[in-house]
Structure formats: structure tokens, C-alpha cells
**Q** 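So that we are looking at the same thing, I have put the structure below in C-alpha cells.
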Amino acid sequence: MNGEIAQNRIPEETIDQIRERTDIVDVVSEYVPLKKQGRNSFGLCPFHGEKTPSFSVAPDKQIFHCFGCKIGGNVYSFLMEIEGWSFLEAVRYLAEKAGIELPQISNQSKRSAQSKQQQEMIKMHNLLVKLYHYCLMETDFGKEALAYLKARGLDEQTIKTFQIGYSPQSWDFSANFLARRGFSLDAAEKAGLLSKRSFDGKLFDRFRHRIMFPIQNAKGEAIAFGGRVLNDGEPKYLNSPESLIFKKSETLYGFHLARETMRKKRQAVLFEGYVDVVSAWKAGVTNAVATLGTSLTPEQANRIRRAAETAIICYDSDSAGMNAALKAAELLHDAGCLVKIASLPDGYDPDEYIRRYGGKKFRDDILAQSVTIMAFKMKVMRQGKNLQDEGERLKYIENVLHEVSMLPNAIERDHYVRQLADEFSLSLDALKQQLYYLRSQRTKEKNIRLRERHLGNSLIKNRPLPAHQNAERMLLSLMMKNRGIAYRVKDRIGGSFHVELHSALAAYIYSFYAEHQTSDIRRLLESIDDSEILQLATELAIIDMNENISEEALQDYIRVIENYPKWRKIEEKKQEKIAAEQREDFLTAARIAKEIVEIEKSLRSK
């Protein structure tokens with residue numbers, strides 16, 4: 001990080017000033033609901049799905065750490081991780097929040113060729129957003145498109161909010177616009193704005209005679225377009241291809257606009273397409289996002305979870321839409337969201353329903369009536385079945401019980417079993433007995449899998465750390481907080497820690513104190529540019545440990561580390577002695593036994 005600061009000439013004192021005016025608890029709270037417990041605040045980790053809070057923020061040290069996935073760092077690394085920003089982007093964001101003006105960064109900084117190309121692509125997209133929006137709102141080119149949008153119920157404010165535009169019916173309108181402004185047309189092709197003719201290699205506009213929906217990244221920068229054709233052309237919807245700046249699997253349409261409301265409400269509404277998001281926004285649903293013509297991905301689900309606790313899925317009412325909703329629900333559930341699914345009447349998509357019945361009815365009768373994943377599964381399983389037929393009815397009940405048996409919550413299981421009993425006038429005891437059988441079978445299968453696949457790993461994972469490793473961790477934690485202890489350890493041990501990662505962290509600590517006269521965990525963490533070492537450092541820094549350790553305890557930690565090679569030597573000698581005895585070389589065995597006694601004596605004398 002320091003290299004990046006120096007390279008771009010942001011003074012250290014400015015970085016310090018930003019840090020001093022920033023409270024990591026306030027920043028993290030914009031993404032994660034935190035609850036104070038003792039000195040620290042805890043919440044559900046935004047970087048992996050979990051049900052029990054293991055994400056800790058320490059206000060006194062201004063650091064965070066997740067005891068589950070081990071991610072940790074300071075306020076800068078938190079923003080870099082959660083937003084995908086560079087260090088400089090995180091600094092700029094916090095400087096703006098703190099009201100601190102940053103010096104102009106030198107244009108001589110060495111950026112990679114890829115980074116320059118990405119910036120050029122974003123600039124092209126942002127300019128075309130303005131051009132297309134102007135064409136729609138202010139020119140004769142866009143009259144037909146504007147009339148179409150207004151006929152679909154969109155007002156000018158909504159159109160401006162989403163910067164919707166129009167690309168004229170021309171083969172070179174956008175190409176000429178970009179060329180006149182000095183942009184590389186080859187770069188425009190790589191960005192997906194232009195296409196190339198196969199027979200002569202000539203570049204032409206990819207989007208023609210289409211209503212243009214800009215697709216932005218989390219910072220609100222245009223990175224792609226979705227174009228809806230006017231009239232009856234094909235394809236009806238055309239999206240930008242993936243590029244250096246656009247990854248469909250990571251992008252959610254409307255996220256930059258919805259994020260603030262998602263965080264305030266702790267809720268997101270997920271749609272399948274950008275037209276649905278725009279209609280929902282006009283209907284007062286401003287926490288709406290959508291995938292981009294593909295199924296929801298784990299990356300998108302995690303992005304939603306980082307901004308909201310609850311996700312309502314509102315897809316089309318046809319069979320494909322319902323199946324897609326179930327798949328999305330599973331991904332969101334795995335990401336740690338509380339998931340509900342909204343059902344539309346047959347034959348409707350969200351946009352059509354809103355246009356016909358209005359925003360209030362959509363909010364009250366559709367979103368507010370959303371149901372759990374299990375309730376929605378039951379609805380899907382009923383489709384196409386004649387439940388008056390005994391065979392189909394029994395099959396339906398069997399399928400529902402199978403799904404209910406997988407629910408982890410006993411109250412939920414009881415609720416749905418009683419629902420089945422009431423609807424079909426069945427014995428509640430009989431249904432519970434069958435449910436118990438299904439769960440016991442599942443438990444047996446699970447236990448077998450655990451024994452076969454994971455038992456060995458679990459034993460290793462849960463095994464306590466060896467004494468020398470624990471001693472090294474405790475010393476490193478103390479060294480980060482106390483300069484005097486760090487120098488005493490350096491004099492006795494130096495870099496001779498027995499875990500390679502511990503030696504590396506010790507080197508960073510020694511280097512830091514060579515330049516700083518006092519301990520400062522925040523600055524120390526900023527000096528660490530290796531992600532694995534940084535994770536270890538934040539994990540040890542967040543340990544609530546008394547810095548005023550007794551001299552006896554400090555010496556015990558050091559002694560354990562210094563003596564570890566001798567203990568290891570004793571274990572090796574014991575194995576040699578056993579081997580000698582097995583081959584009946586008793587003279588050698590006796591000699592080794594004497595060596596073991598001598599090493600043990602040296603340990604006791606210390």
C-alpha cells in the first residue's frame with residue numbers, strides 16, 4: 001500500500017489525517033449491521049455466508065477480522081475487499097467523506113496497459129451514455145423511442161434517473177462520434193460498442209435503432225449497454241458482450257442506484273431484467289436490481305448479501321421463471337440471505353403487472369405477499385397435478401414431505417406438516433412419523449459421508465495448536481502492540497520463528513519499529529502488502545490481550561519457542577530408539593536413550 005501512496009505522491013500525513021477522521025465502525029455499519037459486545041462490535045460477515053456472527057470490528061484498533069473466513073485489515077482494506085476498489089479509490093472515497101482535499105496525483109504514475117485500456121473504455125461508455133440520452137430527449141431521432149417509453153408509463157424523471165437513451169438507425173453514428181474525440185475504434189470494438197464485418201473487417205455500430213439502458217458498475221460508471229429494439233427487429237434485447245470492464249456474472253443492473261435503499265431497508269428485490277427494475281423504481285421500489293439475461297451467480301448473490309439481509313425474488317410467472325426463481329433462491333440462501341419469493345398472476349411479468357395495476361397494488365399484493373422458499377416450492381409442485389386423483393395427490397404429499405425433511409428449523413417443519421394434514425385431512429401423527437423416517441435416513445447418509453470424506457480433516461482442523469505455534473502467535477500479538485516487547489523478542493529470537501508465516505510477520509514488525517518510535521497497529525497493518533500475512537496480522541491484532549504481561553509469562557513464551565527444536569529432536573530420537581530395538585540393536589538403542597536423557601536435562605536446566 002505504501003508503495004502505491006509514494007508512487008502517486010499522496011503524502012503520508014494526508015493518509016494519516018484521513019484515517020484519524022474516519023471511524024471504521026461507521027464505515028462497516030453502512031454494509032453490515034453491527035452489535036456491540038464488550039470492546040468490539042460483531043455482525044454477520046459480508047464476505048461469506050454465515051448464520052452466527054463471527055465478524056468483529058475493533059474500534060480502538062480501527063481494524064476488522066472475520067474468525068470464519070479469516071479476512072481482516074483496516075478501513076482501507078475493508079473497502080477494497082467489499083467494493084473491489086484499489087487502495088487509491090478507497091483513499092479518495094474516505095477523503096471525500098472526511099472533507100479532506102487530496103493533492104493532484106501525478107499523471108506520470110506508471111499504470112498498466114490494461115488499466116489504461118479500462119479507463120478508456122469507461123470514458124467511451126460514459127460519453128455515449130450522454131450522447132444516447134441527448135438523442136432520446138432532445139432530438140428528432142429519439143421521438144419514436146421517447147413516445148414508446150412514455151406509452152409504457154415511464155416519466156421523464158425515471159428516464160433521467162436511469163439515463164436511458166436512444167441509438168439512431170445508423171451504421172456509423174457512434175463510431176464517428178468516438179473517432180472525432182480521438183478514441184481508438186479497435187478499443188471500442190473490444191469494449192463491445194462496435195462490431196466488425198467478417199467480409200472486409202470494417203467496424204460498425206453494434207447498437208442501432210435501439211432504446212439504450214446503460215449498465216453501470218458499483219461506482220456508477222457505465223461499463224456496458226442493454227439495447228431494446230424498436231418495432232419488430234431481432235434480437236429483441238441485445239446486451240454488450242463481456243469485456244475488460246464488464247463481467248455479467250459479477251454485475252447487477254441498477255445496483256449503484258439501489259444500494260443505499262437496500263442497506264437502509266436491509267432488503268433487496270431481485271428481478272430478471274432491466275425493464276422490470278425501471279418499472280419497479282417508478283412504482284416506488286427503489287431497492288430493485290436485476291441479473292443481465294443470465295441466471296443468478298454466486299458472485300451476484302454475495303453482492304446482494306453484502307448490502308441486504310433479506311432478498312425478495314420477483315421473476316416471471318411462467319414455468320421457466322418459477323424454476324429460475326428457485327435456483328436463485330438456493331444461491332441467495334447459501335450466501336446467507338433470508339429469501340422470499342413473490343408470485344405474479346399467470347401470464348404476467350413484473351413490468352406488465354405494474355403497468356396494468358399500478359405501483360401500490362404491486363407493492364401490496366405482490367411484494368408484501370411474498371412467501372418462503374418452501375411455500376413457493378409447494379406451489380411449483382402443485383402445478384399440472386390433479387390433486388383430486390389419489391395417485392397424484394399421494395405423490396405430491398410424498399414430494400412435499402421430502403422437501404420439508406431437509407428444513408433445518410423444527411418449527412418450520414411442524415408448520416408445513418400441519419398444513420398438509422389440514423388440507424388433505426390426514427393424520428398429523430402419521431405425517432410426523434414419515435417425516436421422522438425421512439430425516440433419520442438423511443442423517444444416516446450424512447454421517448456416512450462425513451466419516452468417509454471429512455472425518456480426518458475435521459480432526460486435524462479441530463486439533464489444538466502445538467505449544468510452540470501458540471507461543472509464537474501470542475508473542476507476535478504482543479509485539480504488534482508493544483515496541484519494547486518487540487525489541488526484546490528480536491534480541492532473543494530474531495526471525496527464528498518455526499512457522500514461516502510467523503517469521504514473515506515478525507520481519508514486518510521489526511521493519512515498522514525501525515521507522516516508528518511508538519506502536520500503531522493501524523499504520524503497521526497499512527505497511528503489510530501481502531494478503532496472507534495481513535490476514536494473520538489482523539487476526540492476532542484483534543485478540544484482546546493484556547499488553548502489561550508479566551515477565552514470567554513473557555519468558556515462558558520465549559522459552560517454549562527456543563526449546564521447540566530440542567523437543568523435536570527428542571521425538572526424532574525416540575523413533576530412532578524404537579527402530580533400533582525392532583532390529584535388536586540394543587547397544588544403539590541404549591546410546592540413543594542416553595542422548596534423550598541428556599537433552600531432557602538441558603531442557604530442565606533452562
Side-chain angles (χ1 to χ4, degrees), residues 1-32 46-47 57-66 71-112 114-120 122-123 126 216-221 223 245 250 255-256 259-260 263 303 306-307 480 508 511-512 515-516 519-535 537-538 541-542:
M1 292 182 190
N2 284 343
E4 191 173 354
I5 296 168
Q7 183 183 23
N8 291 282
R9 307 181 194 282
I10 298 179
E12 282 277 4
E13 55 267 27
T14 304
I15 300 295
D16 292 342
Q17 188 182 11
I18 295 167
R19 185 177 55 240
E20 286 164 7
R21 290 198 197 173
T22 301
D23 186 348
I24 191 172
V25 174
D26 293 338
V27 174
V28 174
S29 293
E30 294 178 10
Y31 299 84
V32 182
F47 304 114
V57 182
D60 55 335
K61 304 180 184 81
Q62 289 293 297
I63 61 174
F64 74 95
H65 179 75
C66 175
I71 287 178
N74 56 23
V75 68
Y76 296 121
S77 50
F78 176 81
L79 288 171
M80 291 164 67
E81 188 72 34
I82 203 164
E83 295 287 4
W85 292 346
S86 68
F87 177 69
L88 284 174
E89 287 172 323
V91 170
R92 288 192 190 102
Y93 172 79
L94 292 175
E96 187 177 339
K97 287 194 73 170
I100 297 172
E101 188 173 345
L102 288 179
Q104 186 67 38
I105 296 174
S106 170
N107 288 328
Q108 301 304 313
S109 61
K110 296 178 182 178
R111 291 183 177 179
S112 67
Q114 187 181 64
S115 177
K116 287 181 179 178
Q117 198 171 6
Q118 287 173 324
Q119 291 303 314
E120 183 180 24
I122 289 171
K123 193 172 181 181
N126 285 332
Q216 282 100 342
N217 60 21
K219 292 185 287 182
E221 298 169 328
I223 54 174
I245 59 173
E250 300 172 5
F255 183 79
H256 69 295
R259 180 170 49 189
E260 184 177 351
R263 287 175 183 153
R303 184 174 286 273
R306 288 198 291 267
M480 292 171 69
Y508 273 103
S511 175
F512 177 80
E515 298 178 7
H516 300 84
S519 61
D520 186 330
I521 286 179
R522 284 177 289 179
R523 280 190 173 184
L524 172 60
L525 293 178
E526 285 169 16
S527 72
I528 300 173
D529 52 14
D530 181 284
S531 60
E532 193 175 4
I533 299 171
L534 181 61
Q535 283 186 12
T538 52
I542 213 161

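Just so you know, these numbers use all the heavy atoms, side chains as well, and skip hydrogens, waters and symmetry mates.
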**Q** Are any of the side-chain heavy atoms of Ile18 and Tyr93 separated by less than 4.5 Å?
**A**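 Answer no - side chains too far apart.
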**Q** Hey, what do you get for CG (Asp60) to CD1 (Ile24), rounding to the nearest 0.5 Å?
**A** 11.0 Å
**Q** Check whether any side-chain heavy atom of Thr538 sits under 4.5 Å from a side-chain heavy atom of Phe64, and report yes or no.
**A**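 No - every pair of side-chain heavy atoms lies 4.5 Å or more apart.
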**Q** With distance as the sole test, does Arg21 use its side chain to make a donor-acceptor pair with the main-chain N or O of Ala98 at under 3.5 Å?
**A** yes
**Q** Considering residues at least two apart in sequence or located in another chain, which fulfil the side chain to side chain contact (heavy atoms under 4.5 Å, CB included) criterion with Glu260?
**A**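 Checked Glu260 against side chain to side chain contact (heavy atoms under 4.5 Å, CB included); matches are Lys264.
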**Q** Step by step, work out the salt bridge (Lys or Arg N to Asp or Glu O under 4.0 Å) result for Lys97 and Glu30.
**A** CA-CA 13 Å; Lys97 287 194 73 170; Glu30 294 178 10; 2.3 Å; yes
**Q** Nearest 0.5 Å, please: how far is CD in Glu526 from CG in Asp16?
**A** 7.0 Å
**Q** For Glu13, does the CD atom have more than 12 heavy-atom neighbours from other residues, nucleotides or ligands under 6.0 Å away?
**A**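 Yes - once you tally the heavy atoms of other residues, nucleotides and ligands closer than 6.0 Å, there are more than 12.
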**Q** May I ask you to test the Phe512-Ile528 pair for a side-chain heavy-atom distance under 4.5 Å?
**A** no
**Q** Tell me if a side-chain donor or acceptor on Thr22 pairs with a main-chain N or O of Arg19 at a distance below 3.5 Å.
**A**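 No: the side chain of Thr22 does not pair with the backbone of Arg19.
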**Q** State whether Phe47 and Arg306 meet the cation-pi test: NZ (Lys) or CZ (Arg) under 6.0 Å from the six-membered ring centroid, and within 45° of the perpendicular axis.
**A** no
**Q** Can you check whether Pro59's main-chain N or O pairs, donor with acceptor, with Gln62's side chain at less than 3.5 Å?
**A** yes
**Q** Enter the distance from Met80:CE to Leu88:CG here, rounded to the nearest 0.5 Å.
**A**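 Met80 CE to Leu88 CG: 9.0 Å, rounded to 0.5 Å.
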**Q** With rounding to the nearest 0.5 Å, note down the distance linking CG in Leu524 to NZ in Lys61.
**A** 13.0 Å
**Q** Does atom CD of Glu532 have more than 12 heavy-atom neighbours, drawn from other residues, nucleotides or ligands, at distances under 6.0 Å?
**A**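 Check fails, neighbour count at 12 or below.
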**Q** Any donor and acceptor pair, going by atom type alone, linking the side chain of Arg522 with main-chain N or O of Asn74 inside 3.5 Å?
**A** no
**Q** I'd like to check Ile223 versus Gln216 (side-chain heavy atoms, cut-off strictly below 4.5 Å). Are they in contact?
**A** no
**Q** Going by heavy atoms in the side chains, are Ile245 and Glu221 under 4.5 Å from each other?
**A** no
**Q** Is there a side-chain contact between Val57 and Phe78 (heavy atoms, below 4.5 Å)?
**A**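 Heavy-atom side-chain distance check fails, nothing below 4.5 Å.
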